[in-house]
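A quick write-up on the structure given underneath.
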Amino acid sequence: MVKQLCTRAWQSPTLTTWASFAARSLNLVLVLPLALGRYSAVEVQIWQILVTVSTLLFFLDLGMSPTFARLFARAVTPAGTEGAGSTDFARVEALWRTMLIVYRWLGALAVLLALLGGWIVMRRPLSGLEQSGPAWMALAAVAIASPLTFLALGYGAYLQGLNHVALVRRWEAISSLGASLSALLVVWLHGSFLILVLVNQLWIGVTMVRNRFLALRVESGRAQTYERARLEPAIWWEVWPAIWRSGLGVLLTSGFVQATGLIYAQFGEPAAVAAYFVALRYLGAVSQFSSAPFYSKLPILARLQALKKIDALVELSKRGMQVAHLTYVGGASILGIALPWAMKQTGAETGSTPSAIWWLLAMGFFFERFGAMHLQLFSTTNIIRWHVAGGVSGLIMMTVTIPLIPIAGAYAFPAGILAGYLGFYSWYSANLSYSRFAINPARFERTCAAPALLALVIVSVTDALIRPR
């Protein structure tokens with residue numbers, strides 16, 4: 001019995017995805033709190049700017065990773081077949097060749113954008129450091145490692161599309177544990193933030209090598225026989241519409257959310273900016289962690305859609321969304337209550353994020369997660385509406401945020417984020433999947449999103465009323 005449970009856990013895409021996120025979250029649970037007490041507010045601000053620059057480079061992916069993963073998954077069980085296992089490996093190889101050459105081009109572009117963008121956003125914050133050399137060296141390290149990030153994404157999309165999700169997540173958990181422990185060691189030994197950044201970039205290289213190793217060995221090592229990477233025009237023009245639509249949508253929403261920290265760094269005090277970065281980092285991690293029960297099922301959902309098994313698709317997605325919503329609200333609530341106390345214990349110069357900013361951000365991230373899961377569900381049809389959902393929402397965010405900055409300061413950012421996600425992104429995305437799969441919204445969300453949203457409202461209001469001012 002115990003052996004069977006362990007085997008199921010070892011092979012479970014959801015549990016291994018959670019293990020991966022949990023290992024990655026050690027950076028936030030152990031490394032970041034300790035770093036806040038060891039580094040000055042200016043150093044923390046510069047460090048988090050570099051992390052944000054690295055994160056924003058991911059948006060150059062333009063949604064290619066999930067797009068290729070979906071296409072790989074559909075090639076395993078093409079539409080019109082009965083059952084699984086009828087993999088079209090000729091198509092898989094064509095997808096592989098095109099994907100890798102495009103990611104190599106993106107890697108070269110990322111180096112240039114990292115250097116240029118980093119130079120622009122770091123000039124003002126660096127005025128608070130006595131020596132700026134280490135910060136510029138850290139930026140160079142981020143730029144040099146960026147091509148490895150894209151190659152890792154490509155190999156990961158291949159593995160996930162061919163339904164080796166549990167395998168990838170198990171190794172991610174091991175690598176993330178190593179990355180977190182090595183970063184913890186650097187901070188514990190009072191290493192500079194330059195060394196901390198260099199260690200993080202080293203593990204990006206490890207991730208790329210790991211994913212490549214796995215990709216070349218699954219499916220009896222079939223990828224080792226594929227021809228060299230080159231652009232397949234037919235494949236490219238098939239994926240391009242989905243790529244630019246999803247990429248534009250993600251860039252204008254999630255990209256803008258990340259960029260708010262960089263904008264704030266241009267006028268805010270280092271301690272307040274660092275605290276805002278910390279809030280974004282923690283809530284982003286909770287959002288990612290909570291997505292595991294749903295996102296780990298995407299390859300299966302894509303195949304159910306290809307087989308036209310809509311009832312099974314809706315039921316499976318609902319179960320994933322239920323757990324995802326509750327996990328997010330639980331994590332955001334615990335952090336919202338415990339983080340101010342933890343910051344005081346570390347003696348960090350940054351202080352803690354104001355309560356109103358935290359809960360507005362938490363609510364915004366909730367509606368982002370709600371909309372994103374419905375958008376991913378709809379995207380299993382290979383019809384992409386990310387450009388509409390993200391484009392309109394991003395414009396709402398900018399329209400609300402920018403005029404509010406002179407009036408409300410940092411409060412303009414969560415207000416704009418919530419306006420974009422609640423005002424359009426969430427309900428537009430949900431309506432797409434409701435309509436496509438004939439879902440009754442009230443019946444579906446009554447046991448899915450509604451309980452979690454109610455709990456988040458109760459916790460945030462209660463905390464706002466009782467927290468000392």
Side-chain angles (χ1 to χ4, degrees), residues 13 57-81 84-110 146-172 175 204-247 295-296 298-303 305-306 376 379-380 382 384:
L57 290 176
F58 273 101
F59 295 116
L60 284 177
D61 178 70
L62 293 175
M64 273 190 287
S65 179
T67 298
F68 275 108
R70 281 196 304 272
L71 292 175
F72 280 127
R74 291 172 72 89
V76 172
T77 307
T81 63
S86 51
T87 303
D88 182 355
F89 278 109
R91 177 169 172 77
V92 168
E93 181 177 351
L95 288 166
W96 165 280
R97 290 197 299 263
T98 298
M99 177 184 68
L100 287 188
I101 194 65
V102 172
Y103 273 129
R104 289 173 187 174
W105 294 343
L106 278 181
L109 177 61
S146 55
L148 303 180
T149 298
F150 289 104
L151 288 174
L153 284 173
Y155 294 126
Y158 174 79
L159 290 163
Q160 292 178 63
L162 270 63
N163 204 29
H164 295 288
V165 177
L167 174 67
V168 176
R169 298 306 183 222
R170 285 198 299 269
W171 280 103
E172 276 185 357
S175 299
I204 290 176
V206 171
T207 299
M208 189 280 292
V209 172
R210 179 203 71 211
N211 281 5
R212 183 177 187 275
F213 176 86
L214 295 174
L216 292 177
R217 278 157 181 76
V218 297
E219 305 298 326
S220 302
R222 186 179 291 269
Q224 298 180 45
T225 68
Y226 294 161
E227 296 181 14
R228 65 181 179 83
R230 68 171 185 269
L231 191 68
E232 298 277 354
I235 294 292
W236 174 248
W237 290 116
E238 179 184 352
V239 302
W240 173 243
I243 287 171
W244 81 260
R245 288 182 174 95
S246 58
Y295 278 56
S296 61
L298 286 177
I300 300 174
L301 293 174
R303 284 194 288 278
Q305 162 62 26
Q376 286 284 7
S379 297
T380 60
N382 214 30
I384 305 300

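Below, each value reflects all heavy atoms present in this structure, side chains not excepted, and no hydrogens, waters or symmetry copies. This one's a predicted model, so the numbers in the text were calculated from it and none came from an experiment.
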Item to check | Stepwise salt bridge (Lys or Arg N to Asp or Glu O under 4.0 Å) test for Arg230 and Glu232 | outcome: CA-CA 6 Å; Arg230 68 171 185 269; Glu232 298 277 354; 3.4 Å; yes
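- Although no hydrogens or angles enter the test, the distance criterion places a donor-acceptor pair under 3.5 Å between the side chain of Thr225 and the main chain of Arg222.
- Closest non-hydrogen pair, Ser146 versus Gly107, comes out as OG-O, 4.3 Å.
- Here the closest non-hydrogen pair linking Asp61 and Leu106 is CA-CD1, 4.3 Å.
- Under a cut-off of 6.0 angstrom, the local environment of CH2 in Trp171 is sparse, with at most 12 non-hydrogen atoms contributed by other residues, nucleotides or ligands.
- Taking Tyr226 as the reference, Trp96 meet the ring-ring contact (aromatic ring centres under 6.0 Å, His included) condition, with sequence neighbours excluded.
- Summarising the geometry of Arg228 relative to Arg97, their closest heavy-atom pair is O-CD, 3.2 Å, with the distance given to 0.1 Å.
- Salt-bridge annotation for Arg91 and Glu93: absent, with no side-chain N of the basic residue lying under 4.0 Å from a carboxylate O of the acidic one.
- Between the Tyr155 side chain and the Phe213 main chain, no donor and acceptor come within less than 3.5 Å of each other.
- Residues Ile101 and Thr98 share a closest heavy-atom pair of CG2-O, 3.2 Å.
- Tyr158 has its ring centre no less than 6.0 Å from the ring centre of Phe68.
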Next on the checklist: Could you go through Arg170 and His164, starting from their C-alpha distance and side-chain angles, then the distance that decides it, and tell me whether this counts as side chain to side chain contact (heavy atoms under 4.5 Å, CB included)?
Outcome noted: CA-CA 10 Å; Arg170 285 198 299 269; His164 295 288; over 6 Å; no
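- Contact annotation: the side chain of Leu216 approaches that of Arg212 to within less than 4.5 Å [non-hydrogen atoms, C-beta and beyond].
- Contact record, Leu159 with Asn211: CD1-O, 3.8 Å, taken as the closest heavy-atom pair.
- Closest non-hydrogen pair, Leu95 versus Phe72, comes out as CB-CE2, 3.5 Å.
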